[in-house]
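So that the names make sense, note that chain A is the first sequence line, chain B the second, and so on, each numbered from 1.
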Amino acid sequence: MKGVLRTIAVVYVLGLVALPVVTVLRSTFADGVGPVLDVLTSADFISALRLTLTVAGLAVLINTVFGVGMAILLVRYRFPGHRLLNAVIDLPVSISPVVVGIALILVYGTDGWFGPNVEAAGFQVIFATPGMVVATVIISLPLVVREVIPTLAEEGTEQDQAAQSLGANAVQRFRRITLPTIRWALAYGVVLSLARSLGEFGAVRVVSGSVAGESQTLTLFVNDSYQEFGPDAERAAFSAAFVLMMIAVLFIVLIALLRPKEKS
Amino acid sequence: MGIIVEGVNRRFGDFVALADVDLTVRTGKLTALLGPSGGGKSTLLRIIAGLDFPDSGRVEIEGRDATWLPPQKRSVGFVFQHYAAFKHLSVYRNVAFGLEIRKRPKAEIRKRVMELLELVHLEQFADRLPSQLSGGQRQRMALARALAVEPEVLLLDEPFGALDAQVRKELRDWLRRLHDEVHVTTIFVTHDQEEALEVSDELVVINHGRIEQIGSPTELYDQPANDFVMSFLGPVTRFQGQLVRPHDLEVFAEPVSDTTQATVTRLQRVGFEVRAELRAGDSTPWVQLTRGQAEALNLRDGSTVWLRPNRVAHTLVAS
């Protein structure tokens, strides 16, 4: 029985994960390392990598600050709308990213609710970096909050109260007590958010416009190159996909390292 | 001076935790707040600490109005039932916490922390994490941590409640000796009457959000104001419509003046003491005797004896 289950599991994982990964690797390096390096040093690729890092970095930064604040609010305070807020945070997980993108256009686009006001203030959201950041923030919104909440709830408020009676003000208590208490959960949440943000495609696709060298992230670069046809375009797609995959492997290792610490 | 609590009320929804409480705690004394759980004693302690605030009334600490002061401005040390150890910091850093917040020089912090660790017998555990200590050691660390900032008032919320009986007894004696050394005004909350009677200079009995009685342990034990205080502080039995302590009933083998005849219905030995259940007319009191007394009276199931409250016995009319 155990043997049968193991065989099924191995075939399943090989078929769904290993086979596609090997295919990507083979296609990427079909003509050796040279052409791949050409892609990785091309202006469009570097621009896409830079934009991806900027968007994901900003989104994770915003979600970390927001996530920790929201987790503290939800765990330590009871207020009207507490349960509603708690539920709304999880919404991005169940909504398709494309819908998030379209919703953003309806709000911030040229004909959207706030769009004209924002544009009048000389600030473009849609088809620009701010829109992509906002889309990514929404998509990865719950990841930090959901990691931090259980740890905070489990620790309770006694350490905080003890620190308070010893003279620590709110900032000192946050830095010296709360932050060290949630550090591993927070690190885990940040890594998850970063992985999710780097891989985001649907919502960013809708709000970016995907102009090569300008508003193209790595995932968009892979998609657009792949659809261009021709061996060079295809190699560009595979090379970028390879980079995304390597980043993913790095995160898997990080997560494997962080997970036990978070539990202890 | 000391701590003055005036007309404090506190409700949680429909539940009245404290109703119009007045209390004065004298400087340098060790005071116990004693009562059943849910009676309001912890709420009162938390209001004095600034971890909770009254709906009305005021709190004064060493002459200053502290009613609305946040805890960090009260000069109060607080010790929690479950220690509230800073889990990520060593024992040394736990104790040093308040001093580091106050930005004292490193050398001064080191000296003070080592002194305190010695006082609580944890000097060899300075580099350990709280998770490597036993419950009793963690609570001693928490005490050292609270004392480090030299608070004017030390507040302990069921400090020994989470410890096993043996350690609890040890720490109780140790707290008494510690207080005799440091003399900081101390209030501790407990629901254990033996603990309160043994350790405190002054005893405050709280029930249903009200103070039932305040006084020295002896006063409260010997002259309880009502049957709640009487039965909460020690064993009570009913004899001829009166509440009386079972060790205050005298037992005679022959009739003596003012005695009532009774029959032994059950004898039980608990260590050095003998408990005799009796029937006297329609009342069924029990009496606490020493083994020697029981032997001298030659008590057996069914023996006939004569009973009366002794001359110093304090009795209350049973309600």
> Which one, B/A85, B/G77, B/A146, leads in non-hydrogen pairs under 4.5 Å with chain A?
Replying inline: B/A85

>> Counting heavy-atom pairs under 4.5 Å with chain A, which one of B/Y83, B/F97, B/F86 comes out on top?
In response: B/F86

Of all the heavy-atom pairs spanning [X] and [Y], show the shortest one and how long it is.
{"X": "B/I101", "Y": "A/G167", "result": "CG2-O, 3.5 Å"}
{"X": "B/R145", "Y": "A/A162", "result": "NH2-CB, 3.5 Å"}
{"X": "A/N169", "Y": "B/Q72", "result": "CA-NE2, 4.0 Å"}

Just wondering, are more than 12 heavy atoms of other shown residues or ligands nearer than 6.0 Å to [atom1] in [X]?
{"X": "B/D180", "atom1": "CG", "answer": "yes"}
{"X": "A/Y12", "atom1": "OH", "answer": "no"}
{"X": "A/Y77", "atom1": "OH", "answer": "no"}
{"X": "B/Q124", "atom1": "CD", "answer": "yes"}
{"X": "A/R50", "atom1": "CZ", "answer": "no"}
{"X": "A/R78", "atom1": "CZ", "answer": "yes"}
{"X": "A/R175", "atom1": "CZ", "answer": "no"}
{"X": "B/R110", "atom1": "CZ", "answer": "no"}

> How many angstroms lie between atom NZ of B/K73 and atom CD of A/Q164, to the nearest 0.5 angstrom?
Replying inline: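 Nearest 0.5 Å value for the NZ-CD distance: 10.5 Å.
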
> CG of A/D160 to CG of B/L51: how many Å apart, nearest 0.5 Å?
Replying inline: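 A/D160 CG to B/L51 CG: 10.0 Å, rounded to 0.5 Å.
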
Chain B contact via [X] - which portion, at a heavy-atom distance below 4.5 Å:
{"X": "A/Q161", "result": "both"}
{"X": "A/R173", "result": "side chain"}
{"X": "A/R176", "result": "both"}

> Is chain A contacted by the side chain of B/R102, its backbone, both, or neither, given a heavy-atom distance below 4.5 Å?
Replying inline: side chain

> Is there a side-chain contact between B/K87 and A/T181 (heavy atoms, below 4.5 Å)?
Replying inline: no

>> Applying side chain to side chain contact (heavy atoms under 4.5 Å, CB included) to A/R183 and B/H88, what does each step give before you reach the verdict?
In response: CA-CA 11 Å; A/R183 62 192 161 186; B/H88 59 289; 4.0 Å; yes

